Asker: 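Pasting a structure here, questions to come.
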Amino acid sequence: MPRKSIELPKIEYLSILNENGELDKELEPKIDPKGLIEMYRYMLLARRTDERMLLMQRQGRCGTFPQSSGHECISMASIFNINKDDWHVPAYRELAGLLWRGWPLESILLYWNGFEEGAAPPEGVNDLPVCVPIASQLLHAAGIGMAINMEKTEKVVMTYFGDGASSEGDCHEALNFASVFKAPVVFMCLNNQYAISVPLSRQMACETIAQRAVAYGMPGIRVDGNDVLAVYQAAKEAVERARRGEGPSLIECLTYRVTPHTTSDDPKRYRSDEETKEWVLKDALPRFAKYLDQKGVLPEAKRLEMEEEIDKTIKAAVQKAEVMFQSDELLNPLHMFDYLFADMSPALQEQRDELAEHFKTKGKDWTNPQKKEKTPASPRA
Amino acid sequence: MAEMNMAKAINLALFEAMTRDDKVIVMGEDVGPDEGVFRITEGLFAKFGGDRVIDTPLAESGIIGTAIGMAIFGMRPVCEIQFSGFDYYNYHQLESHAARFRNRTRGRLTVPMVMRAPYGGGIRALEHHSESREAIYAHTPGLKVVIPSGPRNARALLHAAIQDPDPVIYYEPKACYRLFREDVPETMETLPIGKAQIVKQGTDITLISYGASMRATLEAAETLEEDDGVKAEIVDLLSICPLDTETIVNSVRKTGRAVVVHEGPRTCGLAAEVIARINEKVLMFLEAPVVRVTGFDIPIPYFSKEQAYLPDAEKVLKAARETLSF
């Protein structure tokens, strides 16, 4: 027969706790109550932090930042499947995951207030900092996965990107490299249907992002990105597969960017409020809260206590960060030279001296204190 | 001492580096069983195997991007980009990530990696196979750029690049790969990145160059000495970034005259930076304006005309004589 059909895997769609709060009991993953509460707490912490940062931004107390509200579920329900010594390579809407991994709130506030210090991963946290260019972080994740294979350990890498990123060449290269080298990477796509103003229909002409996995020879699945249980289950299977040495997976989480792209964006220019409102109703947080309440894991009274505790935590972190913003150690402009290379070249030292001199003539001597080195990450292999 | 050409010397350095440190891995297109299109990775796959000598898919951004991940993890990847004319694909990864991780994480995450690529004209290659774009990388804060000119410094510089704690671009003058042989010591040696070498002492004029253009520069210096009785001092930059200002200005202070030679385009090329530094430090010692002998501000022509484009001894000689007669 000269012509015949080539059989390709089918793409699944997974929803366990739907937008009406209806649960598919057969598919419900077994997560212990402690874990469920932990996930909810970090999602809520991220939501409230995001909201607080928006207020601060409007008051001139925070720089431009991409809001993460509405994406907590994807970040939290996936990252919850990995261990401390696994790796996390975020894009920039994974606030919940970063906080859960151990990034202090102050770091987040520092970073979006223009301090590189906020991009330094805390000690013992195998995370890369947020990645502002689009899709390029996926190659770092693939490379870390390749190195894990060389080290012959069972660590895995969780990495994140958006629907816009799926159009970038680096996304293709990362999926392909990871697949060819069987790198233990879980590619989490936050398909929020908008790349700033460009809708999904202008990003691609195929039905799902998940189906691209077929082309790379890896499993792909689309899940309801506002369904904690579905995201958790899909990520769990992908992590287990990666640990078994079977290589990468692609998980497309369908959600909607209910916020503007960043604090500088005005979505009214390109979409209707009605469309957004429809998706606000599908929000993961109340859906998950209702599930936890019905299960008796987190009754409403406890949830309100949690709200209070989180409010206090954020207030304390904001206070601490705002003191740091004013410290000479962090404000010292000469630090812009200090971390470029392990050793500073004479020409760069000259430029540093030139700037120091400039400030001295204006009455501010920045030459002391000298830089304080972050502890370098220990070689991991 | 063993006599060898530059291709062999680079190969030797890779072999030595992989032997002494199992974190060193080589990756790129056709670097495995094919041993590289210029055979620079000869014998490496056979000796170290496919886990450490990695044939990658054909994707330059993929090579550099995954190498960044590996370097952060603790490996020391040495990437081969088959021709420098294709390294624009991966420029984004170098500029936005390799060059920045240390700075933006305040020293927590670092990227000790090397990108090797053959650069430059003179071998009658295909289009897009003869560019000389080192200035792009020198203009990229956070990267170091080194370019050897002969077998011995090629091996020593590659060791320095691999051992460096930060990302290094190692451009190989492919016209010199098999052009001449040189004694290379038995024991491993390194050269400090950021240091130029005075390859010939002189008193009358300073000729500054690097990489493949060193050949034209040396030839011109010989003629100057034989025909004009002029003693030229020759500076081989070796390190394009950081640039060794001290060696350059000390020489010019002594001679009062200088010619800068490279094959990359003139505007914003390395010569412009060298001259700016001479002006900043030793302007009052100059007896004549510093002259540039460079490629022109056009894409390097296809090979029927590449010799007209490239700096040669005649062009260097003419520039030196103009400078001397000023």
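Excluded from the calculations below are hydrogen atoms, water molecules and symmetry mates; all remaining heavy atoms, backbone and side chain alike, are included. Predicted model, so just to flag it, every value in this text is computed and none were measured. Just so we're on the same page: letters track the sequence lines, and every chain starts at 1.
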Asker: Non-hydrogen atoms of chain A under 4.5 Å away: do they reach the side chain of B:I63, the backbone, both or neither?
Answerer: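 Backbone plus side chain of B:I63, per the 4.5 Å heavy-atom cut-off to chain A.
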Asker: Taking the ring of A:Y160 and the ring of A:Y92, is the distance between their centroids below 6.0 Å?
Answerer: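 No - the distance between ring centres of A:Y92 and A:Y160 does not fall below the 6.0 Å cut-off.
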Asker: Quick check against the 3.5 Å criterion: does A:N83 have a side-chain atom that pairs as donor or acceptor with the backbone of A:D85?
Answerer: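 No, A:N83 side chain to A:D85 backbone: no donor-acceptor pair under 3.5 Å.
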Asker: Does any backbone or side-chain atom of B:N90 lie under 4.5 Å from a heavy atom of chain A? Answer side chain, backbone, both or neither.
Answerer: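 For B:N90, there is no contact with chain A at all, as no heavy atom is under 4.5 Å.
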Asker: Give, as side chain, backbone, both or neither, the part of A:L138 having an atom under 4.5 angstrom from any heavy atom of chain B.
Answerer: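 A:L138 has no heavy atom closer than 4.5 Å to chain B.
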Asker: I'd like to know whether A:Q203 forms a side-chain hydrogen bond (donor to acceptor under 3.5 Å, both in side chains) with A:S167, so could you lay out the CA-CA distance, the side-chain angles of the two residues, the decisive distance to 0.1 Å, and finally the verdict.
Answerer: CA-CA 7 Å; A:Q203 213 60 246; A:S167 297; 2.8 Å; yes
Asker: For B:D51, which atoms come within 4.5 Å of any heavy atom of chain A: side chain, backbone, both, or neither?
Answerer: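 Both backbone and side chain.
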Asker: Examine whether an atom of A:F115 lies under 4.5 Å from a heavy atom of chain B, and if so say whether it belongs to the side chain, the backbone or both; otherwise answer neither.
Answerer: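 Neither the backbone nor the side chain of A:F115 comes within 4.5 Å of chain B.
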Asker: Below 4.5 Å, heavy-atom pairs only: which of B:L143, B:I25, B:T245 has the largest tally toward chain A?
Answerer: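 The option with the most such pairs is B:L143.
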Asker: Scan the side chains in residues 169-180 of chain A for donor-acceptor partners under 3.5 Å anywhere in the protein, sequence neighbours excluded, and list what turns up.
Answerer:
| from | atom 1 | to | atom 2 | distance (Å) |
| --- | --- | --- | --- | --- |
| A:D170 | OD1 | B:S61 | OG | 2.5 |
| A:D170 | OD2 | B:S61 | OG | 3.4 |
| A:D170 | OD2 | B:Q93 | NE2 | 2.8 |
| A:H172 | ND1 | A:Y216 | OH | 2.6 |
| A:E173 | OE1 | B:G62 | N | 2.4 |
| A:S179 | OG | A:Y216 | O | 2.5 |

Asker: Only pairs of heavy atoms separated by less than 4.5 Å count here; which of B:P242, B:G142, B:P77 has the most with chain A?
Answerer: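 The candidate making the most pairs under 4.5 Å is B:G142.
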Asker: I'd like to know if the side chain of B:S84 pairs up with that of B:E131 as donor and acceptor (distance under 3.5 Å, no hydrogens or angles considered).
Answerer: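 No pair is found: no donor N or O on one side chain lies under 3.5 Å from an acceptor on the other.
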Asker: So which part of A:F337 gets closer than 4.5 Å to some heavy atom of chain B, the side chain, the backbone, both or neither?
Answerer: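 Neither part.
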Asker: Measuring heavy-atom distances to chain A, does B:L58 have an atom under 4.5 Å in its side chain, in its backbone, in both, or in neither?
Answerer: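 No part of B:L58 comes within 4.5 Å of chain A.
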Asker: Among B:K144, B:R100, B:R52, which residue has the highest count of heavy-atom pairs closer than 4.5 Å to chain A?
Answerer: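 Among B:K144, B:R100, B:R52, the one with the most close pairs to chain A is B:K144.
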Asker: Answer with yes or no whether the side chains of B:T140 and B:Y91 bring together a donor and an acceptor at under 3.5 Å.
Answerer: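 Distance-only check passes for B:Y91 and B:T140.
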